There are 2 protein chains.
Amino acid sequence: MSRGDARDRLIQAAIDLIWTSSYGAVSVDAICERAQVRKGSFYHFFASKDDLVVTALDTHWGTRRPVLDEIFSASRPPLERLQRYFAHISERQAEVRAQYGRVLGCFHHAVGSECVQKPTAVAAKAQELSLALRRYLETALRDAQAEGALPPGDPVAAAKSLFAFVTGALTQARVHDDLELLRQIPRTGWLALGMAGPPQRST
Amino acid sequence: MSRGDARDRLIQAAIDLIWTSSYGAVSVDAICERAQVRKGSFYHFFASKDDLVVTALDTHWGTRRPVLDEIFSASRPPLERLQRYFAHISERQAEVRAQYGRVLGCFHHAVGSECVQKPTAVAAKAQELSLALRRYLETALRDAQAEGALPPGDPVAAAKSLFAFVTGALTQARVHDDLELLRQIPRTGWLALGMAGPPQRST
DNA sequence: TCGGTAGATGACTGTTTAGTCAAGTTCGAG
DNA sequence: CTCGAACTTGACTAAACAGTCATCTACCGA
């Protein structure tokens, strides 16, 4: 009966429970119960609660990464990457809402902003993933400037501001279970980049 | 020796500890120790941990409210209110950093985004205060549109987006202890509102 | 001087927490 | 079949947790 998927069930249970509530509110016992795995097995697979959570963050990122790689593909015009990313955010959260019953925002961002202050492995991992995500924006903005599609300026600072807006919108959407706010991201996003609207498909 | 300020010390300890770490990571014992108050006294003043936290949120808001009232005074031109608010954010967080050693972002926003999912009194209070803050923006935007200083549009939606950006920037600033990001708020804020820059003081 | 009350105290309860461990079971390779 | 490794189990610990309570103290008005 028992296959080697107890580990996977624990990871998924951790993602589900922490994403829908918070890191501090989820206990090892709760994760075990949800995963239908006994305490002893938990510590057979993971050294600690934090060890599991770090693994859960990585696992979740592993599912998002290929999607982002496709969206931010270098074979796409840089502004089109951003346009797709903006659109992706609300589509993705609509899926999340269908699956979990609520808009949940960004998983590692929620964990990260809860845990930053105590420098644990969890906080480090969450920050690492946030930075990785921000770098997608940075690259797209740099490429856009390089081909003159965006006025010159510091792409790192621009990416920071844009990223702040996106994560803020995701958090607000989580708090108010509000998909509509996410649909406004493209409009405001382009404005924040100093553009009137999405790139035109001329020719 | 002991005056009636044990209650105040408990409130301040709760603000300090929760703001610098998180709601879930702070115990009643820790609050009591920091406030130099015994457990029994805690429950003399407060019915529960949550009761104290709600009071702490209210108390903290009570210190910010007069400042916001001044900044968003109706006797000021609406765009100047926003300009002052943008400037206030980084000034304020510089103070916070001087006091606490780190940029901490917005207190009730940090608590709120951690607690939203379980509908407790704490979550309700944090959301109430977030909404109160957003309403300052709404009013200023509506007034700005009324006097033609801002292009027409839905002021509620615009306030939501602007608020998302501001809270996102505060959270990023907290995560990365980054004041510079907050200094970029005016630039990006005006862009997001569809304006090239701050209002001109003509004549 | 007296009595009442607001506040202080520390020992207490019962529960939940993360984490441990010795003794199992299952199963595939040799 | 046999052995060992991977995995499972449930009972266990020690600490931390929120919350309780009877008792004490200090002060203030009558």
Side-chain angles (χ1 to χ4, degrees), chain A residues 1-18 20-57 59 111 114-115 117-126, chain B residues 1-18 20-57 59 111 114-115 117-126:
Chain A
M1 286 304 121
S2 53
R3 296 181 311 270
D5 56 359
R7 194 184 126 99
D8 292 341
R9 289 203 309 276
L10 284 168
I11 293 172
Q12 195 54 51
I15 293 173
D16 292 350
L17 291 175
I18 292 175
T20 53
S21 64
S22 67
Y23 169 82
V26 173
S27 69
V28 172
D29 283 329
I31 294 170
C32 285
E33 196 193 331
R34 166 122 183 175
Q36 288 285 77
V37 166
R38 256 38 67 191
K39 209 50 167 311
S41 290
F42 181 102
Y43 287 97
H44 173 72
F45 291 111
F46 302 100
S48 66
K49 178 188 172 185
D50 277 18
D51 184 29
L52 165 63
V53 175
V54 167
T55 307
L57 285 165
T59 302
V111 173
E114 180 181 348
C115 301
Q117 308 298 350
K118 317 247 159 180
T120 62
V122 173
K125 174 55 71 177
Chain B
M1 285 306 120
S2 53
R3 298 181 309 271
D5 58 358
R7 193 184 128 99
D8 293 341
R9 289 204 310 275
L10 284 168
I11 293 172
Q12 195 54 51
I15 294 174
D16 292 350
L17 290 176
I18 293 174
T20 52
S21 63
S22 67
Y23 170 81
V26 173
S27 69
V28 172
D29 284 327
I31 295 171
C32 285
E33 195 193 331
R34 165 122 185 174
Q36 287 286 77
V37 166
R38 257 36 69 189
K39 208 55 167 305
S41 291
F42 181 103
Y43 287 97
H44 173 71
F45 291 112
F46 301 101
S48 66
K49 178 188 173 184
D50 277 19
D51 184 29
L52 165 62
V53 176
V54 167
T55 307
L57 285 166
T59 302
V111 174
E114 180 181 348
C115 301
Q117 308 297 351
K118 319 247 155 174
T120 61
V122 172
K125 173 56 72 177

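We name chains A, B, ... by the order of the sequence lines, and we start the count at 1 in each one. Owing to the predicted nature of the structure, the values given are computational and were not obtained by experimental measurement.
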Judged by atom type as modelled, is there a donor-acceptor pair below 3.5 Å linking the side chain of [X] to the main-chain atoms of [Y]?
{"X": "A/Ser41", "Y": "A/His44", "answer": "no"}
{"X": "B/Glu114", "Y": "A/Ser22", "answer": "no"}
{"X": "B/Lys125", "Y": "B/Val53", "answer": "no"}

Note to self: Taking the nucleotide of DNA chain C with the nearest heavy atom to each, does A/Ala25 or A/Ala47 sit closer to the 5' end?
What the structure shows: A/Ala25
Check: Can you check side-chain contact (heavy atoms from CB on, under 4.5 Å) on A/Tyr43 and A/Asp51, steps first, answer last?
Finding: CA-CA 10 Å; A/Tyr43 287 97; A/Asp51 184 29; over 6 Å; no
Rounded to the nearest Å, what distance is computed from the [atom1] atom of residue [X] to the [atom2] atom of nucleotide [N]?
{"X": "A/Lys49", "N": "C/dT16", "atom1": "NZ", "atom2": "P", "value": "16 Å"}
{"X": "A/Asp29", "N": "C/dT15", "atom1": "CG", "atom2": "P", "value": "15 Å"}
{"X": "A/Phe45", "N": "D/dT8", "atom1": "CZ", "atom2": "P", "value": "5 Å"}
{"X": "A/Ile31", "N": "C/dT17", "atom1": "CD1", "atom2": "C1'", "value": "12 Å"}

Note to self: Check this one for me: any side-chain N or O of B/His44 less than 4.0 Å away from OP1 or OP2 of C/dA8?
What the structure shows: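 Negative; the distance criterion is not met.
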Next item on the list: Considering just the side-chain nitrogens and oxygens of A/Ser27, establish if one lies under 4.0 Å of OP1 or OP2 belonging to C/dT17.
Entry: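 Checking C/dT17 against A/Ser27, a side-chain N or O does come within under 4.0 Å of OP1 or OP2.
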Next item on the list: Check ring pair (Phe, Tyr, Trp, His ring centres under 6.0 Å) between B/Phe42 and all other residues, then give those that pass, not counting sequence neighbours.
Entry: B/Phe46
Checklist line | Partners meeting side-chain contact (heavy atoms from CB on, under 4.5 Å) with B/Ala56 (sequence neighbours left out) | finding: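 Testing B/Ala56 for side-chain contact (heavy atoms from CB on, under 4.5 Å), a comparison that skips the adjacent residues, returns B/Ile11, B/Ala14, B/Ile15.
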Next item on the list: Return the residues of residues 32-43 of chain A meeting this criterion: a heavy atom under 4.0 Å from some atom of DNA chain C. Order them by number, or give none.
Entry: A/Lys39, A/Gly40, A/Tyr43
